[in-house]
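Below is one structure, written out as structure tokens; the observations come after it.
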Amino acid sequence: MDTIFTAMLDALSLTTFLSVILGVIIGSVIGAVPGLNAPMAIAVAIPLTFTMAPLAAIGMLVGVMKGGGFGGAIGAILLNTPGEPHSAATTLDGHPLAKSGKPRRALQTALYSSVAGDSCSDLVLILLAPTLAIFALRAGPVELAAILVISLTLIASLSGRSLAKGIFAAAFGAFLSTVGVDPETAAPRFTFGQVDLFDGLPLAAVAIGVLAVPEIILRLQEGRNYRPDAAKAAAMSEGDDRLPFREFLTLKKTVFRGAGIGTAIGALPGLGTTLAAFLSYAATKRFSKAPEKLGTGAPEGIAATESANSAVSGANLIPLLTLGIPGNLTAALLVGAFLIHGVTPGPLIFQRDASLIYGLFAAMIMANIMVLIVGSVGLRVFALIVKVPPFVVYPIVLLLCVVGIYVSQGGFFAVWVMLVFSVLGFFMQKLEISIVCFIIGLVLGPMIELSIRQSVILLSRNPSAILDHPFALVLFAATPFVAWLLIRDRKKLSDG
């Protein structure tokens with residue numbers, strides 16, 4: 001109890017409080033820019049946290065994640081330009097409602113639904129994570145290796161159109177994670193005499209390189225066709241169209257249904273926000289008394305998608321904190337932030353860093369409140385961002401990427417790494433190779449290698465000894481079967 005009380009006081013300190021607010025603002029602003037999203041905002045913000053205390057740093061990134069979740073709805077509603085795939089579901093009703101002269105009502109519906117869905121999943125995380133960690137502690141290296149393998153297979157199966165490309169991306173990321181010093185022998189691997197590579201590839205530089213830079217360049221090319229008059233007409237539609245809170249309460253069934261769907265999907269690695277948003281939208285249409293109104297500017301549609309995709313963010317931390325397995329790209333970047341600050345996610349984190357985790361829980365609640373306040377106060381300001389020409393916004397973001405990487409690593413080596421991986425990210429996008437799988441493979445690679453090596457030692461190099469680990473055996477056997485089922489179902493949906 002003393003640990004929890006101390007953690008609460010740490011979370012309420014001025015440094016942590018200001019860091020969370022700054023993170024929410026950064027996430028909301030970047031998320032509102034068409035083409036940018038929460039993972040990009042986190043990738044850009046990670047270098048800013050290197051000199052911070054662990055709780056303030058991770059609290060800031062959580063604020064970025066939550067602010068970016070709402071910020072993505074701004075561009076989707078006002079300009080019909082979703083920054084992330086899940087925001088495409090929000091455009092179905094958000095943009096028609098904004099075009100009808102009620103942009104503020106649409107944005108407020110998205111804001112309230114996002115905060116409500118996020119808060120519900122955070123509550124589930126706080127209540128379940130410590131209990132799940134106790135069960136996870138009973139799992140040894142063999143069980144952990146099986147969990148990591150099936151999780152990576154799930155993510156590869158559900159990311160992108162091709163299983164082969166997903167597996168290749170994850171395997172390639174895991175291979176690059178071997179750059180550095182061998183964990184057993186301390187011998188350099190694939191360093192080619194570069195001392196800067198002894199600690200491995202800098203995760204922030206790689207993430208920004210493959211994720212943000214190619215997207216920025218692509219948006220700059222598209223910016224040649226930018227039409228300020230059209231954007232201004234869409235963004236500046238005004239009127240007294242505020243959403244009374246009592247009216248929002250009429251959507252409570254839709255919001256709680258979306259929050260439940262998002263929490264359930266977020267707790268399973270690899271499913272993601274897009275699936276949650278569209279499943280919630282489909283469920284709302286099924287149970288609606290007037291399903292024909294959805295798609296024409298119905299507030300129910302906005303509430304369904306925003307509550308579901310925001311609920312995924314909190315639930316994604318359940319497998320991350322209890323097993324050390326990131327469920328999506330945002331969680332993978334958060335794992336990198338944990339590792340940068342000397343904290344290893346997994347069941348032991350509740351013993352080794354209990355104060356940090358309970359402080360993080362408090363910071364998450366604080367971030368939800370800040371999203372509501374910042375979103376309500378800055379609704380008009382954030383809406384102005386979508387009117388800024390791309391050739392003004394994206395060069396500034398690119399400059400922040402370069403400066404952030406240079407300052408965080410203390411030299412140009414990481415900047416060159418970022419540029420090299422930006423070329424790789426560009427070709428990965430063109431070839432439709434999943435960047436999500438690549439980054440998650442890069443993050444999980446060291447964990448998979450260590451657990452497999454420990455398993456080999458534990459089993460005394462005798463394959464039949466795995467029979468003493470029935471849980472791991474079931475998971476290994478189920479991996480190809482689960483992948484086949486997911487591919488089959490996805491083909492049916494695409495054919496239908």
Side-chain angles (χ1 to χ4, degrees), residues 3-4 6-28 30 38-69 118-119 121-122 125-126 129-130 133 202-204 207-208 266 310 312-371 404 408 439-440 443 447:
T3 301
I4 297 176
T6 303
M8 297 294 179
L9 291 179
D10 290 341
L12 292 173
S13 67
L14 182 62
T15 302
T16 305
F17 179 72
L18 293 177
S19 299
V20 171
I21 294 178
L22 178 62
V24 169
I25 295 174
I26 291 174
S28 300
I30 293 182
M40 290 184 188
I42 291 176
V44 172
I46 284 178
L48 305 178
T49 67
F50 285 147
T51 58
M52 295 182 179
L55 180 57
I58 297 171
M60 176 180 171
L61 296 178
V62 166
V64 172
M65 175 181 70
K66 292 179 179 292
D118 214 339
S119 299
S121 67
D122 287 351
L125 168 69
I126 294 169
L203 180 62
I208 292 176
S310 295
V312 172
S313 63
N316 260 322
L317 295 185
I318 295 176
L320 188 152
L321 294 179
T322 58
L323 298 172
I325 298 174
N328 62 4
L329 181 57
T330 302
L333 294 174
L334 287 178
V335 170
F338 273 104
L339 296 175
I340 286 170
H341 289 278
V343 181
T344 303
L348 291 176
I349 198 173
F350 289 90
Q351 293 181 352
R352 296 173 179 169
D353 301 284
S355 179
L356 173 65
I357 295 305
Y358 287 109
L360 173 61
F361 290 161
M364 293 175 71
I365 297 173
M366 189 191 308
N368 289 333
I369 298 172
M370 288 300 106
V371 170
S408 65
I439 293 182
I440 291 180
V443 171
M447 303 180 199

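Quantities reported herein were computed from a predicted structural model and do not represent experimental measurements.
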Inset, instruction - Answer whether the closest heavy-atom distance between the side chains of Lys66 and Met364 falls below 4.5 Å. - result: yes

Legend entry - Worked check of side-chain contact (heavy atoms from CB on, under 4.5 Å) between Val62 and Val20: CA-CA 7 Å; Val62 166; Val20 171; over 6 Å; no

Inset, instruction - Evaluate the side-chain proximity of Leu334 to Leu317: yes if any heavy-atom separation is below 4.5 Å, no if none is. - result: yes

Inset, instruction - Using modelled atom types only, decide if a donor and an acceptor are shared between the side chain of Ser28 and the backbone of Ile25 within a distance under 3.5 Å. - result: no

Legend entry - Check: Leu339 and Thr344 side chains under 4.5 Å, non-hydrogen atoms: yes

Legend entry - Minimum heavy-atom distance Pro54-Leu356, with the two atoms named: C-CD1, 4.1 Å

Inset, instruction - Examine distances only and state if a side-chain atom of Thr16 and a backbone atom of Leu12 form a donor-acceptor pair shorter than 3.5 Å. - result: no

Legend entry - Derivation and outcome, side-chain contact (heavy atoms from CB on, under 4.5 Å), residues Phe361 and Ile357: CA-CA 6 Å; Phe361 290 161; Ile357 295 305; 3.6 Å; yes

Legend entry - Check: Leu360 and Phe338 side chains under 4.5 Å, non-hydrogen atoms: yes

Legend entry - Rounded distance [0.5 Å steps], CD1 in Ile58 versus OG in Ser19: 11.5 Å

Legend entry - Flag side-chain contact, heavy atom, 4.5 Å: Asp122 against Asn368: yes

Legend entry - Intermediate values then yes/no, side-chain contact (heavy atoms from CB on, under 4.5 Å), Thr15 and Met52: CA-CA 9 Å; Thr15 302; Met52 295 182 179; over 6 Å; no

Legend entry - Side chains of Met65 and Leu333 in contact at under 4.5 Å (non-hydrogen atoms): no

Inset, instruction - Work out which heavy atom in Leu55 is nearest to a heavy atom in Gly359; give both atom names and the distance. - result: CD1-C, 3.5 Å

Legend entry - Exercise: identify the closest heavy-atom pair between Gly63 and Ala367: CA-CB, 4.3 Å

Inset, instruction - Would you sort out whether Met366 and Ile369 count as a side-chain contact (heavy atoms from CB on, under 4.5 Å), showing the intermediate values? - result: CA-CA 5 Å; Met366 189 191 308; Ile369 298 172; 5.7 Å; no

Inset, instruction - Find out whether Ile126 and Ile365 are in side-chain contact, i.e. whether some heavy atom of one side chain is under 4.5 Å from a heavy atom of the other. - result: yes

Legend entry - Contact summary for Phe50 and His341, nearest pair of heavy atoms: O-CE1, 4.2 Å

Inset, instruction - Provide the closest heavy-atom pair for Ala363 versus Gly59 in the form atom of the first, atom of the second, distance. - result: CB-CA, 4.3 Å

Legend entry - Atom of Ala57, atom of Thr49 and distance for their closest heavy-atom approach: CB-CB, 3.5 Å

